[in-house]
Structures are given as structure tokens and as C-alpha cells.
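Note on naming: letters A, B, ... go to the chains in the order of the sequence lines (proteins, then strands), and numbering restarts at 1 for each one. Side chains included, hydrogens not; waters and symmetry mates left out as well; all remaining heavy atoms used.
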Amino acid sequence: MPTPLATAHHRPQYWLMKSEPNECSIDDALAAPDATVPWTGVRNYQARNFMRDAMQVGDSVLFYHSSCPQPGIAGIARVASGTRPDPTQFDPASPYFDPRSAPEKPRWLLLDVQALRKTRLLALAELRAHPALAQMRVLQRANRLSITPVEPAEWDAILAALADPASAVA
DNA sequence: GCCAACGTTGGC
DNA sequence: GCCAACGTTGGC
């Protein structure tokens, strides 16, 4: 799906990025130097194009834990660099190795993500139950994109839910 | 481990 | 360029 990029005013500035916590959890990201990790392993063209064409340094990121016992939003982060080739595509020992990609013509990109803080886990079920998030991209059925834009109103609703201890599940 | 959904591949 | 087969994602 094309993203409107014609004017800076309409460029998405909020994103949700999925990470498998047994690969890189919010704690892992916070423990990294400068709390910054290279976002390796994106192997989907749409997600790559978001990084390449739309995401900019300073954009806000919901750090989402996926493929784990407790999927949901686990922290807040920011885009910390522009894109560069993802070195794992050239590494035969990496699970992200892509034999069809050549260093002189890299197929896959990454950017740096800086973790800002850990939040309480805003579980997937809680996201689904929130009326303001009904249209949220990541909640649409069978969404497999690892990077999705987040609407400003959705961002606000999520931050409000994160800040509201009454809505926290013990 | 199951399986629905969807992206990618490759034969034609 | 079609489309069936295949692989992957990711919640459950």
C-alpha cells in the first residue's frame, strides 16, 4: 500500500515495530550501547519501503513484542538513524541470509532504533478491546507486517492507556 | 503444534 | 502476466 509522502505534513511520524523478545526484547534494547539496536531481519518489501521512504530520525516507535507468550506493546522507542544495508543478508550463518542479495546491490535495509523506556505490557487483547484502536493497522486480521504506521490519535490513546494505572492488568 | 492468511516464487 | 504451490508469520 502506498504511503502518502508528498508533504511532510502527512508523513507518518508514529510507527509500531515488532520484535521477538527472545531475539531482542525492550530490555535487550535498553541494555545496548546508547540503548540503540540495528533493526536487522526485515525481509518484507513493504516494511523495507517504510524504513527507506517514510521513516525519519526522531519518529516515535511503539516497541511491540511478538511471537511470544505475552504479545503486546512493551516500550517506547525512536528512529535513530536513516537506512543502510542490513549486513545479515550477506552472512550465510545468519537466519536472515538472502543468497539472492549481493553487496553491490543490497536488497534489504535496516535502521537504528533507540529504546527510550520500558512500559507496562499493553497486551494485544487490551489493544483489541480499546475502541479508539479498532482501525489500528497491526490489529487488522492476519497482519504480518513487522513495521506499521500508527495514527496520531492511536498513539495518543495508547500513551493514555499506558499512563492509566486503572487500566493496567495486574 | 495448528492453521489461517498472505507474500513470494517460478513454471507456463 | 497468471496463478498454483510453497514458505512464513504469529496468535492461539
Spacing of N44(A) atom CG relative to dA5(B) atom P, expressed in whole Å: 19 Å

For atom CZ of R128(A) and atom P of dG11(C), their distance in whole Å: 8 Å

Short side-chain N/O contact to dC6(B) OP1/OP2 from Y45(A), under 4.0 Å: no

Salt bridge flag under 4.0 Å for residues R48(A) and D86(A): no

Distance in angstrom units between L127(A) CG and dG11(C) P, rounded: 11 Å

Gap between atoms CD and C1', on Q46(A) and dT8(B) respectively (whole Å): 13 Å

Candidate nucleotides dC6(B), dG11(C), dG7(B), ranked by approach to the side chain of R144(A) - the nearest: dC6(B)

Whole-Å distance separating the CG atom of L139(A) from the P atom of dT9(C): 20 Å

Separation of atom CD1 in I147(A) from atom C1' in dG10(C), rounded to whole Å: 16 Å

N/O donor-acceptor pair under 3.5 Å between Q140(A) side chain and A134(A) backbone: yes

Sub-6.0 Å ring centroid separation between F63(A) and W15(A): no

Protein-nucleotide distance (D98(A), atom CG; dT8(B), atom P), rounded to Å: 12 Å

Length of the CG-C1' vector between N143(A) and dT9(C), whole Å: 10 Å

Under 3.5 Å donor-acceptor, N49(A) side chain and Y45(A) backbone: yes

Sugar-phosphate only, base, or nothing, as touched by R141(A) at under 4.0 Å among non-hydrogen atoms: sugar-phosphate

